[in-house]
Structure formats: structure tokens, C-alpha cells
Amino acid sequence: MRDVSDMQRWPELRALGLLVALAGGAGSIGQAAEAVGLAQPNASRSLSNLERDLKVPLLKRSPRGTELTAEGQAVAEWAAQVIDAYSALNAGTRAIQEARAGTVRVCASLTVAEYLLPGYLATFTSAHPGVDVGLGVENSAAVVAEVRAQRCDLGLVESVSLPAGFPTAVIGRDRLLIAAAPTFPGRWTEPLSAEALAATPLLVREVGSGTREAIDTALAEFGGASVAGEYRSNSALKVAAATGVAPVVLSELALRDDVLSNRLVPLPVDDSLDLDRLLHALWSPKRRLSAGARALLEHMTSARG
């Protein structure tokens, strides 16, 4: 077993590096200092401290410069082994970091996973072919729970509210639309106020989804959304709305193709009704992001519209 009881007396690593540099041909303390990134006064002080701590004469100083004593040459050879071991330590930890960067675990809310993340991942994997991204899909509340439990590196949510103390970054913008079938008998032509919309039965996502939280927050003054039907699936909501049973509340990202094909028609709401929202990435404050997770986060924040 290695004795680590006297760690406080161990030599400073940079001082050993100076010694190795002098043994390797540096003609002065100034040259050795430059080799290890120290200012010359600090280098001289480090070498003096090293001689004092080791109680061995290491240097011969003369008008021609500084040379190692015979004892200094021997200590320099041992110091070189320490430097090599430290280099191996650094290389090993970098290898571990790079291996951890190889797989990024992402948990995303349904709307982000279906309509925003595919575009991000297509360009990200093209630029970072060595990074694999594993994806889990939940509603926003479940995504936050996964992040809390540290079961994923990044959580991507549409929630209006975010958990306190968690680092976050904006990865996109979104807007909720109210849409109905073209044949919907109660389709309105004049913009609806928040109060009138709150009184209108709507097809909505389940409690815990970011979309449901956003519409309930927008209509909070009037008790939140009136529910005609509640589904965990965006597709199920759109199918139900297309039958004309009630208008649906969904992200404009989720409704884009249905609106373009005239399967569903956006309904006007008053400008005072705020249906805009930001999409966020969040991660645990208890762990550092891996290199791969940082790269994905930077890619999404720089590419967001």
C-alpha cells in the first residue's frame, strides 16, 4: 500500500518540471520557466523552496548560468518519472471524459421531441459523428423528474415554470394555436378574449404537459381551460379535433402540417392573450455536463430560431 501520509511535504509539480527542463537542456532558469509557463521570479522561488524541502543541493549558479549538481541530475531523473506519471493521469482522465462524451442521454417533452429536436439532431450528428444521443420522451413534468433523479444529461421542456435552482438555457420559441375543423359548427370569426376562450370547451393535453400548463397559465384569471377532452398524444388530439368535436390547443409546431393541408383551421384570439412561450433545456446542478452534452446544448442554443 502506498504511503500518502506525508502529502503536505510532497514537492510542487511545477518545481519538478523546472528541474526536468534544466536537465533537458534549458540554459537558464528563465528558459526553464518559459518551458513550464512560469514567470522567472516565481521559478527561482520554486527551485529554492524545492532545495529547502528536499534538503539536497540541486543547482550550481555561476556567471555562465545555472547548472544542475550531480545530486540535482539524479533528482531530475526521478522528477521526470513523476512528470510522466502525471501526464499519464491527465491522458487517462481525458480518455474517460471523451468516453463519457460519446453518449448523451436526453429526455424531451413530446412537442420538442416530435417537432423541434429532429432538426437539431440531424445537424448535430453530422457535425459530431462520434457522439450518440439517446432519447426518452415524456411530458414536461416527467422530464423534470428525470433530470432531478440524474437519469438524463439534458431535459428539454415546454413548461412555463421551471424548477428553482436548476441551470437552464433557451433552445427555441413556440406559440400555442387554437384550431378547429373547417366544418366545426361553433367556429368563431372574431378574436376571442381570454374570458371567452376560458368558457369554450377545448381539447387539451394532460396535466403535467408543458402545453397544458401554458394554456392554463394564460387563462388562469378565469380558472384555466375548460376541458372537452384530454389526451396524452398530440396525434390523438388532432384526430379528435378534425372530427369537429371541439377546438384543440397545441403548439403551432405540432399543428403546422394540419393547417397547411386545411385539415384544421387556426381560430383568432385577442392580442392581449399571451400564447407565446420559450422552450428550455435544463440539467442537474449536482453534476457537470459531459463534453458531448455541452456540445449538444451549445448547438441547440446557437441554432434556435
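Below, all heavy atoms of this structure are taken into account, side chains as well, without hydrogens, waters or symmetry copies. For this chain, numbers begin at 1 and follow the sequence in order.
- For the atom pair OH (Y115) and CG (N234), the distance works out to 5.0 Å, reported to the nearest 0.5 Å.
- Every residue meeting the ring-ring contact (aromatic ring centres under 6.0 Å, His included) condition with H128, not counting sequence neighbours, appears here in chain and number order: F124.
- A search for side-chain contact (heavy atoms from CB on, under 4.5 Å) contacts involving Q150 returns S284, K286, R287, not counting sequence neighbours.
- Here the closest non-hydrogen pair linking F166 and W283 is CD2-O, 3.4 Å.
- The distance from atom CG of L296 to atom CG of L117, rounded to the nearest 0.5 Å, is 7.5 Å.
- The side-chain contact (heavy atoms from CB on, under 4.5 Å) test applied to S235 returns S233, not counting sequence neighbours.
- The line from CZ of R256 to CG of L260 is 8.0 Å long, rounded to the nearest 0.5 Å.
- No side-chain heavy atom of L192 sits less than 4.5 Å from a side-chain heavy atom of L267.
- Across all non-hydrogen atoms, the minimal contact from S140 to S109 is OG-CB, 3.5 Å.
- The salt bridge (charged side-chain N to carboxylate O under 4.0 Å, His left out) analysis of residues 234-253, with sequence neighbours excluded, yields the pairs K238-D258.
- Cluster annotation: V112 is not connected to I215 through the hydrophobic network of ILVMFWY side chains, with a link wherever side-chain heavy atoms come within less than 4.5 Å.
- Counting only residues at least two apart or on different chains, the salt bridge (charged side-chain N to carboxylate O under 4.0 Å, His left out) pairs with a member in residues 154-169 are E158-R277.
- With sequence neighbours excluded, the residues that form a side-chain contact (heavy atoms from CB on, under 4.5 Å) with V269 are R175, I178, L197, L273, L275.
- Interatomic distance, OG1 of T125 versus OH of Y120, reported as 14.5 Å (0.5 Å rounding).
- Annotation: the span from E206 atom CD to L237 atom CG amounts to 8.5 Å, rounded to 0.5 Å.
- There is no side-chain donor-acceptor pair under 3.5 Å between H280 and S159.
- Atom CG of L250 sits about 9.0 Å away from atom CG of L177, to the nearest 0.5 Å.
- Ion pairing between a basic and an acidic side chain is recognised when a charged N comes within 4.0 Å of a carboxylate O; R205 and E213 show no such pairing.
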